[in-house]
Amino acid sequence: MITLTDIAYVRSGVEDLQGAVRFASEIVGLEVVDSDEPGVAHLRADARGHCLTFVQGRSGVISSGFTVAGPEALAEAETELEKQGLLVERGDRAGARSRGVSEYIAFDDPFGNRVELAAAQFRSADPVRLTRGAGITEFGHLCLDAPDVHEAYRFWSTTFNARVSDWVGDGACLMRIDPVHHKLAVFRGEEAALCHINFQVDSLDDLMRNWHFLVDQGVEIVMGPGRHPTSGSVFLYFRGPENLTYEYAVGGRLIEDDSAWTPRVFDLEQPSSIDMWRGPVAPTTRQRQLPQTVPAATS
Ligand SMILES: O=C/C=C/C(C(=O)O)=C(/O)C(=O)O
Ligand SMILES: [Fe+2]
């Protein structure tokens, strides 16, 4: 089993590089990192050198990167994946440099999502300089699409150390690789794709200020503000250029003791399974069944 130590980055192809960078920096708030690569832009949210890369070209996710413990673990992972019959490519020096990692390998998950494993992701000692006061604290998780979330779970939980934290019916599988409720989510979708990329913010005030800012900027709000019963985080999903969906979230449960946690299965048909603030506020059935008051008998 391959042990993933963290999420590392998302690389996405964009037709309008300037537009994507402008949105990710001036609207989302990420810091633009210097890049000497023509047609490539890197953005930063936390101590990682960068966590989001846009590459001028065909629109759509290129790859999602994770880290393993080091070069030996990477070599073992390469062997393990090849044993499973997966076609594994070892990245070259230029590719590693562009990813801000020491070395990496790449393969497709069973659905065609391009996944990369890196031996080490470079950290930056420079303080993060967000482009606006969005309150972003970290690149929190990434969510992939797959036609069968159970099959996806089987892949991630047998090939890797992913454990399921919660399910939303057959629609979503939320997996952890450390105590954070999920660093990797898989949503049911017709084909391989990046469902969204999450950035944690420091406070509820940050999230709500961001909401007003996005609305004032005319950004498409996809969902929220709301609260996930799964992680418990308060969320806000919004659409950026070329259909890249971002999520701000605040909070979220930690699962420190695997043995004490039992994954729950929320009903995909219930709106409150995605947003617990959408639960029924109408009178409960008990009140509806209260006997009608009987008019006083007329004498
Ligand atoms: O309906 C599921 C939503 C899950 C969460 C969460 O619980 O935080 C996400 O953020 C997600 O799907 O990525
Ligand atoms: Fe999310």
Side-chain angles (χ1 to χ4, degrees), residues 4 6-10 12 24 28 30 45-46 51-52 61 64 66 109 111 113 134-150 152-153 156-157 162-189 192-204 206-207 210-211 214 220-240 243-255 261-279:
L4 301 175
D6 207 348
I7 52 174
Y9 53 79
V10 166
S12 191
V28 181
L30 297 172
D46 51 29
C51 61
L52 178 57
V61 67
S64 299
F66 298 80
D109 79 358
F111 305 99
N113 288 300
I136 294 170
T137 55
E138 65 172 326
F139 167 36
H141 61 256
L142 63 93
C143 179
L144 301 175
D145 277 353
D148 181 336
V149 298
H150 292 277
Y153 167 65
W156 287 101
S157 62
R163 287 94 71 205
V164 60
S165 297
D166 283 316
W167 298 89
V168 183
D170 293 338
C173 179
L174 305 164
M175 291 176 270
R176 64 185 185 280
I177 55 176
D178 60 18
V180 174
H181 179 269
H182 62 285
K183 289 271 179 84
L184 168 64
V186 177
F187 273 29
R188 188 173 62 206
L194 178 74
C195 168
H196 67 270
I197 179 171
N198 161 280
F199 293 99
Q200 294 292 116
V201 296
D202 190 36
S203 70
L204 181 59
D206 287 318
L207 187 124
N210 286 333
W211 177 44
L214 295 175
E220 179 191 350
I221 302 299
V222 174
M223 184 169 62
R227 187 170 189 193
H228 285 311
T230 38
S231 67
S233 70
V234 178
F235 65 80
L236 178 63
Y237 293 86
F238 55 100
R239 190 102 60 211
N243 215 27
L244 178 57
T245 299
Y246 294 85
E247 175 192 10
Y248 288 131
V250 54
R253 87 182 69 247
L254 296 178
I255 300 172
W261 181 262
T262 303
R264 298 156 306 169
V265 182
F266 289 86
D267 178 357
L268 186 58
E269 301 308 314
Q270 292 274 345
S272 58
S273 295
I274 304 277
D275 179 358
M276 60 197 280
W277 291 344
R278 287 186 174 277

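Whatever order the structure lists ligands and atoms in, that order sets their numbers, starting from 1.
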Any Ser233 heavy atom less than 4.0 Å to ligand 1: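 Yes, Ser233 has heavy atoms under 4.0 Å from ligand 1.
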
Contact check, Tyr237 vs ligand 1, heavy-atom distance below 4.0 Å: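 It does, in that a heavy atom of Tyr237 comes within the 4.0 Å cut-off of ligand 1.
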
Backbone or side-chain N or O of His181 under 3.5 Å from ligand 1 N or O: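 The answer is no, given that His181 and ligand 1 share no N or O pair closer than 3.5 Å.
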
Nearest heavy-atom neighbours spanning Glu269 and Asp267: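 Answer, listing the atom of Glu269 first, then Asp267: N-OD1, 2.7 Å.
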
Which atom of Val149 lies closest to which atom of Phe187, heavy atoms considered: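 Closest heavy-atom pair between Val149 and Phe187: CG1-C, 3.7 Å.
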
For ligand 1, the portion of [X] having any non-hydrogen atom under 4.0 Å away:
X	value
Phe187	side chain
Asn198	neither
Ser231	both

2.8 Å cut-off met by an N, O or S atom of His228 to the Fe ion (ligand 2):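 Under 2.8 Å: His228 has no N, O or S contact with the Fe ion (ligand 2).
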
Backbone or side-chain N/O/S of His141 under 2.8 Å of the Fe ion (ligand 2):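 His141 does place an N, O or S atom closer than 2.8 Å to the Fe ion (ligand 2).
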
Proximal heteroatom of His196 relative to the Fe ion (ligand 2) (N/O/S):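 For His196, the N, O or S atom at the smallest distance from the Fe ion (ligand 2) is NE2.
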
Which atom of Glu247 approaches the Fe ion (ligand 2) most closely (N/O/S):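 Sorting the N, O and S atoms of Glu247 by distance to the Fe ion (ligand 2) puts OE1 first.
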
Keeping [X] on the side-chain end and [Y] on the backbone end, is there a donor-acceptor pair under 3.5 Å?
X	Y	value
Thr137	Gln200	yes
Trp261	Ser165	yes
Asp166	Pro263	no
Ser231	Ser233	yes
Asp275	Arg227	yes

Please write down residue, atom name and distance for the protein heavy atom closest to [atom].
atom	answer
atom 1 (O) of ligand 1	Ile274 CD1, 3.1 Å
atom 5 (C) of ligand 1	His228 CD2, 3.3 Å
atom 7 (O) of ligand 1	Thr230 OG1, 2.3 Å
atom 2 (C) of ligand 1	Val168 CG2, 3.8 Å

ring-ring contact (aromatic ring centres under 6.0 Å, His included), paired with Phe238, selected from Phe199, Trp211, Tyr248: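 Of the listed options, the one satisfying the test is Tyr248.
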
Ligand-residue contact atoms, ligand 1 with His182, heavy atoms, under 4.0 Å: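 Matching atoms, with element in brackets: 5 (C), 6 (C), 7 (O), 8 (O), 9 (C), 10 (O), 11 (C), 13 (O).
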
Ligand-residue contact atoms, ligand 1 with His196, heavy atoms, under 4.0 Å: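 In order of number, 11 (C), 12 (O), 13 (O).
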
Modelled atom types, side-chain donor and acceptor of Ser272 and Arg278, under 3.5 Å: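 On atom types as modelled, these side chains do not qualify, holding no pair under 3.5 Å.
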
salt_bridge(Asp6, Lys183) N-O dist < 4.0 Å: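 Yes, charged N to carboxylate O under 4.0 Å.
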
